[in-house]
Amino acid sequence: MSIGLLLHPSSPPQIPPPTTTSTGPPSFSSTAGNHHRHILSLSETCTTISHLKQLHAYTLRTTLPDETATLFLYGRFLHLSSSSSFSDVSYTFRIFNSIQQENHTPFMWNTLIRACAHDVSRKEEAFLLYRKMLERGKSSPDKHTFPFLLKACAYIFKLSEGKQIHCQILKHGLGKDVYVNNSLIHLYASCGCLDLAKKVFDEMPERSLVSWNSMIDALVRAGEFDSALEMFRETQESFEPDGYTMQSVLSACAGLGSLSLGAWAHAFLLRKRGFEVDVLIKNSLIEMYCKCGSLRMAEQVFQTMRKRDLASWNAIILGLATHGRAEEAMACFERMVENVKPNSVTFVALLIACNHRGLVEKGRLYFDVMVRDYGIEPALEHYGCIVDLVARAGYVSEAIDMVMNMKMKPDAVIWRSLLDACCKNGASVELSEQIATHIIEDNQSSNGSSGAYVLLSRVYASANRWNDVGIVRKLMTEHGIRKEPGCSSIEINGVTHEFFAGDTSHPQTKQIYKQLRLIEEKLSSIGYSPDQSQAPLVDSSREKECSLRLHSERLAIAFGLLNLPPQTPIRVFKNLRVCNDCHEVTKLISKMFDTEIIVRDRVRFHHFKDGSCSCSDYW
DNA sequence: GTAGGGTTAG
């Protein structure tokens, strides 16, 4: 039988077939060894699972030289069937199970474990296989086994299993293997155990670029951006950075919100040769520039991309959204759908765009379109945006209905949006109490509920229930809960200056407040009256004095106006969500001072490691 | 004799 005839017409190889020793006289080659070599070479040219199955069938009818050769060939089949281009794991299992148990080699076990580690729905099976491998007692795990197993483990964030595997690694004497250790670093970083990742890294006898990259990535994930950049500097003493390194570096710059560092990293990339600045790096650049407040540079990167993927579109839409440029974000979405199918993240970005600008109608529309036209189930994040949007606009009962109809448990962010709306819209004290209870119960041990306590005390104060106000304050003290202050930062000449609401600690405070008065006078002259409700909780005498100067971002803007040369763009970061009112007043100030002012929110402030910032917020 | 480690936004 001719294997050439069996293969699909599109298949590349048409190697003359061998004849088997069992099916008649040889035509041009007669040894089993030749068959073996022939099948092996054919296996290298398989491009579809169908080719492989034909080759497998052919092999079953063929006599091979010995058992070792047969097992080697089956190992190859296992590997092929589970490789990313074929990825027919059930077929891999069928081949594996067709081989007698005592003939399963470590290579076969490893291949099967790898197949499971790469398959989204089979991660758990990787552990079962490992256990079986040990139980059968014929094959010992080796240096190839553990990276696969740890990958599966990291994917499902199983720390305790990971630690057990770590023990197994040591038991089998593989604690020095660089691949195994890199996988351990990745695992511990995925589980949020920076200390353990660091320990593995520090104790490694040998490190590769991947070790450094994994460690830098671990630091970025943990929000230790400065340390990540420091490690990047160290890396270069031994290795040339690659694309992975640079993506982590860009993330670190974005995390710090430092445009100067980010621009430096960009220049480094352009200067560097030897690796391609691909879509993923470009996406990181867009994200970095957006997070560092330079939408202009982000747009430039986006515009000059020859190839864009889903993430590129999402990154730019999100950037526009968080900068309060909702119309452009929506226009970008329209262009996007002509090229790429949007996903759930796209709609988060669109809802954020609406949220930042108080576009309730549009927000409702996108929420419906997402479900109806794209079949995307709303996730917690979508609810977080829409509930906040609707609630802020004063549609409290609609927001409550939404929360009640959610398929998942609302988180503290959502409850807080509701509570905030209740406070502003004079909802009943009982309702506010109920909502506050949800938040406080969900956040017993963390500081995430500080907003709820503050809001609740406001509700009681407005109802003249001063006793209850006292009780709330006492509870806060007892639970060690601090108020979460509004905080904004601005980077000037590579130095980050930070301001809190009503802050007077800056050495230039006098001039800053003078500048603020000037801004306020100018604003009043054009009839603008700042929205009092947006002011953070401060004592009432100061609130009356000047609402404008109490906002942290406005202190930062005033500082920027004082210290930057005219026409220099002013970029301010806020630890909390930038609200519609802020976008509005920023636009006015930009116009009055003929300069570009951008205030944008930061997901997390790296110096609030103790969780005192709104890390759990989506914006 | 086969293979192996490190990314996707809120």
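In what follows, chains are A, B, ... by sequence order, proteins preceding strands, each numbered from 1.
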### Query
So what does A:N343 touch, heavy atoms closer than 4.0 Å: a base, only the sugar-phosphate, or nothing?
base

### Query
Touch check for A:T145, heavy atoms < 4.0 angstrom, all strands: base, sugar-phosphate only, or nothing?
nothing

Less than 3.5 Å apart, which donor and acceptor atoms pair up between the side chains of residues 169-177 of chain A and the rest of the protein, not counting sequence neighbours?
residue : atom : partner : partner atom : Å
A:H172  : ND1  : A:Q168  : O            : 2.9
A:D177  : OD2  : A:Y179  : N            : 2.9
A:D177  : OD2  : A:V180  : N            : 2.9

### Query
Hey, does the side-chain of A:H144 have a donor or acceptor N/O within less than 3.5 Å of a partner on the base of B:dA3?
yes

### Task
Report which part of the nucleic acid A:L184 touches: base, sugar-phosphate, or nothing (heavy-atom distance under 4.0 Å, all strands).
nothing

### Message
Under 4.0 Å, counting only non-hydrogen atoms across every strand here, what does A:S43 touch: a base, just sugar-phosphate, or nothing?
### Response
nothing

### Protein-nucleotide distance (A:R308, atom CZ; B:dT8, atom P), rounded to Å
23 Å

### Query
Hey, would you say the A:Y130 and A:F146 ring centroids sit under 6.0 Å apart?
yes

### Task
May I have the distance from A:Y130 (atom OH) to B:dG4 (atom P), rounded to whole angstrom?
20 Å

### Query
More than 12 non-hydrogen atoms from neighbouring residues, nucleotides or ligands closer than 6.0 Å to OH on A:Y155, yes or no?
no

### Query
Is the ring of A:F72 stacked on the base of B:dG1, with centres less than 5.5 Å apart and planes under 30° off?
yes

### Task
Quickly work out the A:L350 CG to B:dG10 P distance and round it to whole Å.
15 Å

### Closest to the A:V180 side chain, choosing from B:dG4, B:dG1, B:dG10
B:dG4

#### Entry: Spacing between A:I281 atom CD1 and B:dA9 atom C1', to the nearest angstrom
16 Å

### Message
Between C1' on B:dA9 and NE2 on A:H382, what's the gap in Å once rounded to a whole number?
### Response
12 Å

### Message
Does this structure show an ion pair linking A:D202 with A:K198, if we count only N-O contacts that are shorter than 4.0 Å?
### Response
yes

### Query
Can you list the steps and then say if A:E327 with A:R357 is a salt bridge (Lys or Arg N to Asp or Glu O under 4.0 Å)?
CA-CA 10 Å; A:E327 288 77 9; A:R357 292 279 302 284; 3.1 Å; yes

### Query
What do you reckon, are the aromatic ring centroids of A:Y74 and A:F107 less than 6.0 Å apart?
no

### Summary
So salt bridge (Lys or Arg N to Asp or Glu O under 4.0 Å) across residues 307-325 of chain A, not counting sequence neighbours, yields A:E299-A:R325, A:R325-A:E328

### Query
Atom CG of A:L73 to atom C1' of B:dA3: distance rounded to whole Å?
16 Å

### Message
Classify A:N181 by what it touches in the nucleic acid, base, sugar-phosphate, or nothing, heavy-atom distance under 4.0 Å.
### Response
nothing

### Query
With respect to the side chain of A:F107, which nucleotide from B:dT8, B:dG10, B:dT2 is positioned closest?
B:dT2

### Message
Looking only at the side chain of A:R76 (C-beta and beyond, no hydrogens), which of the listed nucleotides B:dG1, B:dT2, B:dG4 gets closest?
### Response
B:dT2

### Message
When you measure from the side-chain N and O atoms of A:K291 to the phosphate of B:dG10, is any distance below 4.0 Å, counting only OP1 and OP2?
### Response
yes

### Message
Output the rounded distance in Å from NE2 (A:H118) to P (B:dG4).
### Response
8 Å

### Task
For residues A:F96 and A:W109, establish whether the separation of their ring centroids is below 6.0 Å.
yes

### Query
Looking at DNA chain B, which of residues 310-331 of chain A put a heavy atom within less than 4.0 Å of it?
A:L310, A:A311, A:N314, A:L318

### Query
In whole angstroms, how far is the C1' atom of B:dT2 from the OH atom of A:Y74?
16 Å

### Query
Touch check for A:K151, heavy atoms < 4.0 angstrom, all strands: base, sugar-phosphate only, or nothing?
sugar-phosphate

